[in-house]
**Student:** 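Next up is a structure, given as structure tokens.
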Amino acid sequence: MEKPFCIKLVATQMKKLSEDVIILSNNENSPVESPEEHPEDVELLTFVQVYEELCKFIRMLGKIFEFVEKDVREKIDLLKELHSSNPDGYKTIITMVYSEKSMDKKEKESGAIAILHLNRALEFIVEFMYASVAASNDDSIPKICKECYDGTLAKHHPWIIRTAVKVAVYTLPSRDKMLEYIRGDHLDESLIRGHIDDVVSHGKLVHARINTIYTVHELHKIA
């Protein structure tokens, strides 16, 4: 039986991702010399573990978001499979980038594309979590979600998906139901706020770090 969503676990793992600075030495997986081409790294499996929990949060948003959860789950499974088949090559985001540069991977087999999509979604998820907790029960969750979406994922989506999201936000649970799900049986709202603050602050650092890696290696337009 699957364990319920744990915001404390997300906060702990996100903090680990942002604080465990991995600088690769110059080797076959990191043939770079200048500091500009050597950004801080992100451990791939920990990033995947964060998303294992976030998948549960996405599922909570309702049946109309099932396609999002399915897409995220497929990318998580791909990354786990790639890491299992090549642990050294997929130890971190940077080693993944160098491992795949020498391969002719199809889109559905590309770890770099999977990470790109997950990192874009991460920006939306942390913004939406934070805005939902900062709001009151009188505030409109559909409006909050739409504003967070417009400021993050919308710029990467075609018109048809943006239109579908406009409808989907009106199926979201109420704020108190969302907090009840996030809180579970053990946390009061003040502790939730503390954990979500950690998720947001460290999540933004992780998002920015991956963005820097993709900028250095010119990967933002691969998908």
Side-chain angles (χ1 to χ4, degrees), residues 9-10 13-58 67-127 152-158 161 199 202-223:
L9 178 59
V10 177
Q13 294 290 66
M14 199 72 84
K15 185 176 182 180
K16 181 178 186 296
L17 276 178
S18 74
E19 293 186 346
D20 288 0
V21 178
I22 307 166
I23 301 295
L24 296 177
S25 58
N26 292 332
N27 54 39
E28 67 274 12
N29 285 325
S30 180
V32 294
E33 297 178 357
S34 67
E36 295 79 22
E37 295 182 349
H38 209 64
E40 295 170 340
D41 208 349
V42 173
E43 189 179 41
L44 191 142
L45 267 190
T46 305
F47 186 79
V48 168
Q49 288 166 0
V50 167
Y51 254 102
E52 295 268 22
E53 283 300 304
L54 291 179
C55 245
K56 301 173 187 177
F57 176 78
I58 295 170
F67 76 96
V68 178
E69 183 200 351
K70 181 176 181 291
D71 183 56
V72 169
R73 170 54 59 189
E74 288 174 354
K75 288 173 172 56
I76 288 172
D77 290 344
L78 170 64
L79 291 167
K80 289 166 72 174
E81 182 181 326
L82 291 170
H83 180 272
S84 178
S85 64
N86 184 2
D88 291 334
Y90 288 88
K91 180 179 181 180
T92 70
I93 304 297
I94 290 179
T95 60
M96 174 196 72
V97 168
Y98 282 110
S99 292
E100 293 194 349
K101 275 189 173 181
S102 60
M103 304 175 190
D104 184 23
K105 279 191 172 291
K106 297 178 182 178
E107 182 172 344
K108 290 186 177 180
E109 300 171 344
S110 169
I113 291 177
I115 290 290
L116 177 63
H117 286 299
L118 292 177
N119 198 46
R120 289 171 177 173
L122 176 63
E123 184 182 22
F124 163 72
I125 291 170
V126 297
E127 291 289 349
T152 56
L153 276 174
K155 58 192 173 188
H156 305 296
H157 288 166
I161 293 180
V199 171
H202 294 290
K204 286 183 176 180
L205 288 173
V206 172
H207 177 265
R209 191 175 295 173
I210 295 174
N211 262 354
T212 299
I213 295 169
Y214 274 60
T215 298
V216 167
H217 295 280
E218 301 180 342
L219 294 172
H220 284 295
K221 296 183 179 180
I222 59 175

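As a basis for the values below, the full set of heavy atoms in this structure was taken, side chains included, without hydrogen atoms, waters or symmetry mates.
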**Student:** List for me each residue that meets salt bridge (Lys or Arg N to Asp or Glu O under 4.0 Å) alongside K80, sequence neighbours excluded, and say none if there are none.
**Tutor:** E52

**Student:** Would you say that I213 contacts I94 through its side chain, given a criterion of any heavy-atom pair below 4.5 Å between the two side chains?
**Tutor:** yes

**Student:** Can you give me the closest heavy-atom contact between L122 and G203, atom names plus distance?
**Tutor:**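 Scanning both residues, the minimum pair turns out to be CD2-O, 4.0 Å.
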
**Student:** Between T92 and V42, is there a donor-acceptor pair closer than 3.5 Å when you use the side chain of the first and the backbone of the second?
**Tutor:** no

**Student:** Before giving the answer on side-chain contact (heavy atoms from CB on, under 4.5 Å), spell out for H220 and L116 the whole-Å C-alpha distance, their side-chain angles and the decisive distance to 0.1 Å.
**Tutor:** CA-CA 7 Å; H220 284 295; L116 177 63; 4.2 Å; yes

**Student:** Give a yes-or-no answer on whether the side chains of Y90 and E100 include a donor-acceptor pair shorter than 3.5 Å.
**Tutor:** yes

**Student:** How about E81: does its CD atom have over 12 heavy atoms from other parts shown lying under 6.0 Å from it?
**Tutor:** no

**Student:** Any side-chain heavy atom of K204 within less than 4.5 Å of one from E127?
**Tutor:**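 They are in contact (side-chain heavy atoms under 4.5 Å apart), so the answer is yes.
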
**Student:** After noting the C-alpha distance and the side-chain angles of V48 and L44, does the key distance pass the side-chain contact (heavy atoms from CB on, under 4.5 Å) rule?
**Tutor:** CA-CA 6 Å; V48 168; L44 191 142; 4.0 Å; yes

**Student:** Please name all residues satisfying salt bridge (Lys or Arg N to Asp or Glu O under 4.0 Å) with K91, sequence neighbours left out, ordered by chain then number.
**Tutor:** none

**Student:** Drop me the distance from I210's CD1 to E40's CD, to the nearest 0.5 angstrom.
**Tutor:** 12.0 Å

**Student:** Are the side chains of R120 and K155 in touch, meaning some heavy atoms are under 4.5 Å apart?
**Tutor:** no

**Student:** State, with a plain yes or no, whether a side-chain heavy atom of V72 is found less than 4.5 Å away from one of L54.
**Tutor:**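 No - every pair of side-chain heavy atoms lies 4.5 Å or more apart.
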
**Student:** Looking at Q13 and T46, what are the two nearest heavy atoms and their distance?
**Tutor:** O-CG2, 3.9 Å

**Student:** What's the spacing between S84 OG and L45 CG if we round to 0.5 Å?
**Tutor:**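 The CG atom of L45 is 9.5 Å from OG of S84, to the nearest 0.5 Å.
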
**Student:** Which distance, rounded to the nearest 0.5 Å, do you find between the CE of M96 and the OG of S110?
**Tutor:** 7.0 Å

**Student:** Angle between ring planes, Y98 versus H217, binned at 30° and 60°: parallel, tilted or perpendicular?
**Tutor:** perpendicular

**Student:** Kindly indicate, with the supporting measurements, whether the criterion side-chain contact (heavy atoms from CB on, under 4.5 Å) is fulfilled by R73 and K70.
**Tutor:** CA-CA 5 Å; R73 170 54 59 189; K70 181 176 181 291; 5.7 Å; no

**Student:** From the options V10, I125, L79, select the one residue that forms a side-chain contact (heavy atoms from CB on, under 4.5 Å) with Y51.
**Tutor:** I125

**Student:** Determine, step by step, whether E123 and N119 satisfy the side-chain contact (heavy atoms from CB on, under 4.5 Å) criterion, reporting the C-alpha distance in whole Å, the side-chain angles of both residues, the deciding distance to 0.1 Å, and the verdict.
**Tutor:** CA-CA 7 Å; E123 184 182 22; N119 198 46; over 6 Å; no

**Student:** Is any side-chain heavy atom of H117 closer than 4.5 Å to one of H156?
**Tutor:** no

**Student:** List the atom of A114, the atom of L78, and the distance in Å for their closest heavy-atom pair.
**Tutor:**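 Distance-wise, the nearest heavy atoms are CB-CD2, 4.2 Å.
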
**Student:** If the condition is salt bridge (Lys or Arg N to Asp or Glu O under 4.0 Å), which residues does K15 pass it with, not counting sequence neighbours?
**Tutor:**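 Counting only residues at least two positions away or on another chain, K15 forms no salt bridge (Lys or Arg N to Asp or Glu O under 4.0 Å).
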
**Student:** Please give me the minimum heavy-atom distance between M14 and V199, naming the atom from each residue.
**Tutor:** CG-O, 3.9 Å

**Student:** Can you name the nearest heavy-atom pair linking S99 to N86, along with the distance?
**Tutor:** OG-ND2, 4.3 Å

**Student:** Does a side-chain heavy-atom distance below 4.5 Å link K56 with E53?
**Tutor:**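 They are in side-chain contact.
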
